[in-house]
Amino acid sequence: MLHRIIRSAGTAASCRRLLTLPELNATATTRHSNLRPPSSIGISNQIRWHGDGPGPDAPTVNVTFVNPDDSKTTISARVGETLLQTAHRTGIEMEGACEGVCACSTCHVILEQELYDQTLDDMEDGALGEDEEDMLDMAFGLTHTSRLGCQITVKENMEGSVFTMPKATRNFYVDGHKPTPH
């Protein structure tokens, strides 16, 4: 109905006038009244941040990255940000070619078994999502405790956790391309 009304309006001014029509508002109200709250369809009410993640006043935990050259770097990770966001914010050399949208495997990390199990327990269905599994299939040095850093949310119980970065990554965008976070 909306498309038919707008097509017949012709101009932008006519379209704006049409938005005040009672029958148009009734249609919109009917459609929106059928929406259910996120929790009723299995979506968690977990706080998520757009962009840089939680601010500098967020609680932190100390985590250690084992770099590709086997050196170790311990940093403060903000609770609520992804491991990829943590790495980018603190200068850890984690690529993240897709900028954290689970469309590559360049933020691949290897977890200790206990931490891996813990991250799965924190997930709603206790298993990796299909997108993450598909991307991990392309990861260099895949192990049975591999995860994508963009899919791991830092939690308070991760204090002292160790994340091992593989010796290389497979970047299908451009070999050697490292995006800069914005």
If you take all heavy atoms of [X] and [Y], which pair is closest and at what distance?
{"X": "S76", "Y": "T60", "answer": "CB-CB, 4.2 Å"}
{"X": "A97", "Y": "C104", "answer": "N-SG, 3.8 Å"}
{"X": "P166", "Y": "F140", "answer": "CB-O, 3.7 Å"}
{"X": "V61", "Y": "E156", "answer": "CG1-O, 3.5 Å"}
{"X": "Y116", "Y": "T119", "answer": "O-OG1, 2.7 Å"}
{"X": "E81", "Y": "P54", "answer": "CB-CD, 3.5 Å"}

Any [X] side-chain heavy atom under 4.5 Å of [Y] side chain:
{"X": "C102", "Y": "L148", "result": "yes"}
{"X": "L142", "Y": "L136", "result": "yes"}
{"X": "I152", "Y": "L111", "result": "yes"}

For D131, enumerate each residue passing the side chain to side chain donor-acceptor pair (under 3.5 Å) test, keeping only those at least two apart in sequence or located in another chain.
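Checked D131 against side chain to side chain donor-acceptor pair (under 3.5 Å); zero matches.
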
Those residues that, when tested against E130, pass side chain to side chain donor-acceptor pair (under 3.5 Å) (two or more places apart)
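If we apply the side chain to side chain donor-acceptor pair (under 3.5 Å) test to E130, skipping adjacent residues, there are no hits.
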
Any side-chain to backbone donor/acceptor pair from [X] onto [Y]? Under 3.5 Å, distance only.
{"X": "T106", "Y": "G96", "result": "yes"}
{"X": "H88", "Y": "M94", "result": "yes"}
{"X": "E132", "Y": "G129", "result": "no"}

Decide, yes or no, whether a salt bridge links D70 with K167 under the criterion of side-chain N to carboxylate O below 4.0 Å.
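A salt bridge is present here (some side-chain N lies under 4.0 Å from a carboxylate O).
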
If only side-chain N and O atoms count, and only distance matters, is there a donor-acceptor pair under 3.5 Å linking [Y] with [X]?
{"X": "T145", "Y": "Q113", "answer": "no"}
{"X": "R170", "Y": "S105", "answer": "no"}
{"X": "T74", "Y": "T64", "answer": "yes"}
{"X": "E93", "Y": "N67", "answer": "no"}

When clusters are formed by joining ILVMFWY residues with side-chain heavy atoms under 4.5 Å apart, either directly or through shared neighbours, do L115 and I92 land in the same one?
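L115 clusters together with I92.
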
ILVMFWY cluster, I110 and L84 together (side-chain gap under 4.5 Å):
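Per the 4.5 Å side-chain linkage, I110 and L84 are not co-clustered.
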
Atom pair OG1 (T90) and CZ (R78), whose distance is rounded to the nearest 0.5 Å
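Atom-to-atom, T90:OG1 and R78:CZ are 9.5 Å apart.
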
Please identify each residue that fulfils side-chain contact (heavy atoms from CB on, under 4.5 Å) with E133, with sequence neighbours left out.
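Residues passing side-chain contact (heavy atoms from CB on, under 4.5 Å) with E133: L128.
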
